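Step one of this worksheet: look at the structure below.
The model shown is predicted, which means the values in this text are computed figures rather than measured ones.
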Amino acid sequence: MSEHATHDHHTAHHGQHPRVESSTLHAEHEAAQTVHGRSSAHAAHVDHTGHERVFRNRFWICLALTLPVLLYSHMIQMWFGFSMPRFPGSDWIGAIFAIIIFVVGGVPFLQMAIPEIRNRKPGMMLLISLAISVAFVYSLVMLFIDPASGFFWEMALLIDVMLLGHWLEMRSVRQASGALDQLARLLPDTAERIGDDGNVEIVAVTDLRVGDLFLVRPGVSAPADGVVEQGESAVNEAMITGESKPVAKRAGDAVIAGAINGDGSLRVRVTATGEQTALAGIMRLVAEAQQSKSATQLLADRAAGWLFYIALAVAALTAVVWTLVSGFNWQVVERVVTVLVIACPHALGLAVPLVVAISTTLAASNGILVRNRLSLEAARLLDTIVFDKTGTLTTGAQGVVGVATTDGLSAEDALALAAAAETDSEHMVARAIRQAASDRKLTLPVVSGFEALKGRGVQVRHDGRSVYVGGPRLLEMLATMPDTALARFAAEAGERGESVVYLVQDGKVTAAFAVADTIRPESYAAVRTLHAMGKEVAMLTGDSEAVAKAVAGALGIDRYFAQVLPEHKDAKIAELQASGRAVAMVGDGVNDAPALARADVGIAIGGGTDVAIESAGIILVKNNPLDVAHMIRLSFATYRKMVQNLWWAAGYNIVALPLAAGALAPFGVELSPAIGAALMAISTLVVAINAQTLRRVKFTQE
């Protein structure tokens with residue numbers, strides 16, 4: 001059995017179409033090999049193109065051999081009015097070269113049909129094999145009866161077209177899966193491991209273990225997932241997360257395997273290697289998504305099986321009717337062969353899988369990982385998008401959302417002084433104030449005498465004065481109250497569920513800061529875009545009514561559910577579904593797992609490291625709620641391309657089958673095997689080109 005037959009023997013056990021699995025199985029192989037290092041990835045990459053290269057070579061060989069077959073065909077010479085030199089045995093030239101073509105280009109298709117016969121699942125390979133076998137046997141028989149009546153040249157052209165179509169398909173699917181190839185190249189072959197004695201040794205990536213410390217020099221890829229222990233740098237994670245800007249990394253920050261280091265030097269402690277890395281997980285998800293079958297794919301598979309029986313039925317009907325009309329002759333056989341030739345579902349088989357491969361890799365390269373093809377297909381039908389609040393619509397971290405001052409103190413000066421006072425504090429509110437000052441690029445004044453006041457705040461000295469920063473309990477301790485304006489600011493912040501921190505100088509409250517879980521900037525655009533698409537947007541949160549109302553009001557969310565426990569979130573999803581809504585749930589994939597599983601489409605939003613989230617069909621790597629709209633847009637485009645391709649492939653057979661059967665023969669319109677093969681090639685080419693236009697889908701920020 002040839003390499004192709006062997007390959008398809010394995011794919012048959014997966015219940016997939018042989019031609020489709022050639023790409024997806026290689027994609028899986030690449031994902032498995034990538035985790036072992038760059039050299040293995042390259043080997044997988046070469047293997048991935050092996051089928052394409054073999055079919056390309058066979059096509060060019062057979063095309064060259066077809067030339068003498070055409071030149072010594074009696075029919076071709078009659079059509080074009082020329083003659084070839086005659087010599088003893090010249091009548092056998094066409095037959096000899098045609099036999100070689102059958103062995104080189106035709107036998108592989110026969111071998112690939114074996115699994116279809118063995119599994120009793122007829123498909124494209126069986127139809128191709130039947131057509132070329134009938135043509136070959138018919139021509140061999142006619143060689144001894146009437147050499148001029150055979151059609152070796154039609155069979156040769158048919159095999160050429162089949163090889164060309166198979167080559168083009170392999171090439172298109174390989175190009176569509178290019179994101180996997182690029183991911184496979186991200187890991188380096190070696191790593192610089194730092195020993196306990198501080199010495200650096202170069203080791204193979206496969207030798208790294210969890211807990212090892214490795215060095216990442218400028219411009220080098222990280223060999224494993226880890227946490228920075230020392231150093232600062234900007235790391236390019238674009239190929240993994242889709243984030244175009246380099247991400248700043250310092251001690252305590254996570255680094256993803258395959259991310260490319262910038263100008264700094266990092267010492268990183270390994271947290272995951274091999275198949276446990278985010279990169280390997282992403283590749284597994286892409287490979288799984290490419291081979292998972294959508295409802296449209298299942299329809300195409302069933303159609304390919306039906307077409308086999310339809311082709312046999314039409315061929316039998318053609319033989320019976322024309323035998324009754326004109327008696328059995330070789331023209332009847334030719335018409336039967338033509339029916340079998342043009343019924344080959346090459347375009348039908350390519351219609352959906354190529355769109356699947358393109359859409360999946362297109363999504364992955366833009367930070368949208370598709371775990372389940374059904375989820376992406378169902379996204380176009382959604383009418384309600386439910387977001388978890390914390391960590392999804394918001395950052396999940398405290399931030400300063402408002403500042404009020406008195407006595408002519410500017411907001412910048414108040415924030416700078418408060419940040420200076422909180423310099424040595426590790427409280428999350430202190431971090432929020434420092435971050436706000438950093439974002440505004442404020443210069444902090446010099447303070448001294450830092451003292452933490454347990455449960456109340458902090459105290460420092462500035463310009464000989466006492467400065468305090470803290471909450472309401474600090475004011476109780478100092479027996480002071482804010483003035484009317486600051487009190488009103490605090491009351492309004494409290495109604496929104498925000499915490500208030502005060503700046504006190506020499507016993508007087510001079511500023512108040514509202515601190516809350518900050519809304520992601522992208523959330524505004526996400527809600528706005530979803531509304532423009534006609535979708536209802538809802539929010540689920542365990543926070544208070546005041547907090548939920550404030551966030552929902554700021555974003556323009558249609559409805560919200562407050563004070564919902566994680567274990568009750570799925571009940572809210574079921575409630576919406578019971579009212580006839582098609583619901584997507586967008587959450588963090590951990591405490592939202594029941595709701596993600598309950599929803600029609602579960603969408604996990606995560607930083608790209610937790611790629612093994614079982615409860616979601618879609619994973620948004622970039623933590624960007626706007627990607628929900630991009631995903632829905634891709635779903636519409638993907639479905640549209642699938643339907644267009646299926647109609648083109650089916651329409652071709654609807655028109656061509658009756659012509660091949662001779663339905664219009666009384667009017668002088670007939671379809672020869674060669675013309676049928678040419679039409680089939682055109683159909684396949686159109687389907688491939690149409691699928692490629694899916695790349696035009698935009699993932700730009702709104």
At their closest point, which heavy atom of Leu694 faces which heavy atom of Ser359, and how far apart are they?
CD2-CB, 3.6 Å

Measure across Thr541 and Ala548 and return the closest heavy-atom pair with its distance rounded to 0.1 Å.
CG2-CB, 3.6 Å

Passes side chain to side chain contact (heavy atoms under 4.5 Å, CB included), Asp517 versus Lys389? Steps please.
CA-CA 10 Å; Asp517 184 3; Lys389 181 187 79 71; 3.5 Å; yes

Which heavy-atom pair separates Val401 from Ala516 by the least distance, and what is that distance?
CG2-CB, 4.2 Å

If you round to the nearest 0.5 Å, how far is OG1 of Thr638 from CZ of Arg640?
9.0 Å

Donor-acceptor pair, distance only, cut-off 3.5 Å: does the side chain of Lys249 make one with the backbone of Ala254?
yes

Give the minimum heavy-atom separation between Gly556 and Val527, together with the two atoms involved.
O-CG1, 4.0 Å

Cation-pi between Arg380 and Tyr639: NZ/CZ under 6.0 Å from ring centre and within 45° of the ring axis?
yes

Check the pair Lys569 / Arg598 against side chain to side chain contact (heavy atoms under 4.5 Å, CB included), numbers first and verdict last.
CA-CA 9 Å; Lys569 288 183 178 180; Arg598 172 80 63 180; over 6 Å; no

Decide yes or no on side chain to side chain contact (heavy atoms under 4.5 Å, CB included) for Thr518 and Thr394, but give the supporting numbers first.
CA-CA 5 Å; Thr518 54; Thr394 66; over 6 Å; no

When you compare the side chain of Trp648 with that of Asn645, does any pair of heavy atoms fall below 4.5 Å?
no

Side chains of Tyr560 and Val537, heavy atoms from C-beta outward: is any pair under 4.5 Å?
no

List the atom of Val339, the atom of Ala311, and the distance in Å for their closest heavy-atom pair.
CG1-O, 3.8 Å

Within the side chain of Lys572, is there an N or O that forms a donor-acceptor pair under 3.5 Å with the backbone of Phe561?
no

Carefully, step by step, assess Thr693 and Lys641 under the rule side chain to side chain donor-acceptor pair (under 3.5 Å).
CA-CA 9 Å; Thr693 61; Lys641 289 302 174 187; 2.7 Å; yes

Flag side-chain contact, heavy atom, 4.5 Å: Leu393 against Met539
yes

Run the side chain to side chain contact (heavy atoms under 4.5 Å, CB included) check on Leu540 and Met585 step by step: do they pass?
CA-CA 9 Å; Leu540 275 175; Met585 173 66 193; 4.1 Å; yes

Where the side chain of Asp225 meets the backbone of Ala257, is there a donor-acceptor pair that is under 3.5 Å apart?
yes

How close do Gly367 and Asp627 get, counting heavy atoms only, and between which atoms?
O-OD2, 4.5 Å

Asp383 and Glu536, any side-chain heavy atoms less than 4.5 Å apart
no

Quick test of your reading of the model: are Asp600 and Arg581 salt-bridged, counting only N-O distances below 4.0 Å?
no

Are any side-chain N or O atoms of Asn690 and backbone N or O atoms of Val686, one a donor and one an acceptor, separated by less than 3.5 Å?
no

Output yes when a side-chain donor or acceptor of Thr529 lies under 3.5 Å from a complementary backbone atom of Ala525, and no otherwise.
yes

Below 4.5 Å, heavy atoms only, C-beta onward: do Leu576 and Val386 meet side chain to side chain?
yes

For Asp558 and His531, run side chain to side chain donor-acceptor pair (under 3.5 Å): C-alpha distance rounded to whole Å, both residues' side-chain angles, the deciding distance at 0.1 Å, then the answer.
CA-CA 9 Å; Asp558 301 300; His531 280 158; 2.8 Å; yes

Is the shortest heavy-atom distance from the side chain of Thr392 to the side chain of Arg520 under 4.5 Å?
no

Could you give me the CA-CA distance, side-chain angles and deciding distance for Glu522 and Asn624, then say whether side chain to side chain donor-acceptor pair (under 3.5 Å) is met?
CA-CA 6 Å; Glu522 304 90 350; Asn624 188 350; 4.9 Å; no

Within the structure provided, determine whether Gln692 and Ile358 are in side-chain contact (heavy-atom separation under 4.5 Å).
yes

Is the shortest side-chain heavy-atom distance between Ile632 and Leu530 below 4.5 Å?
yes

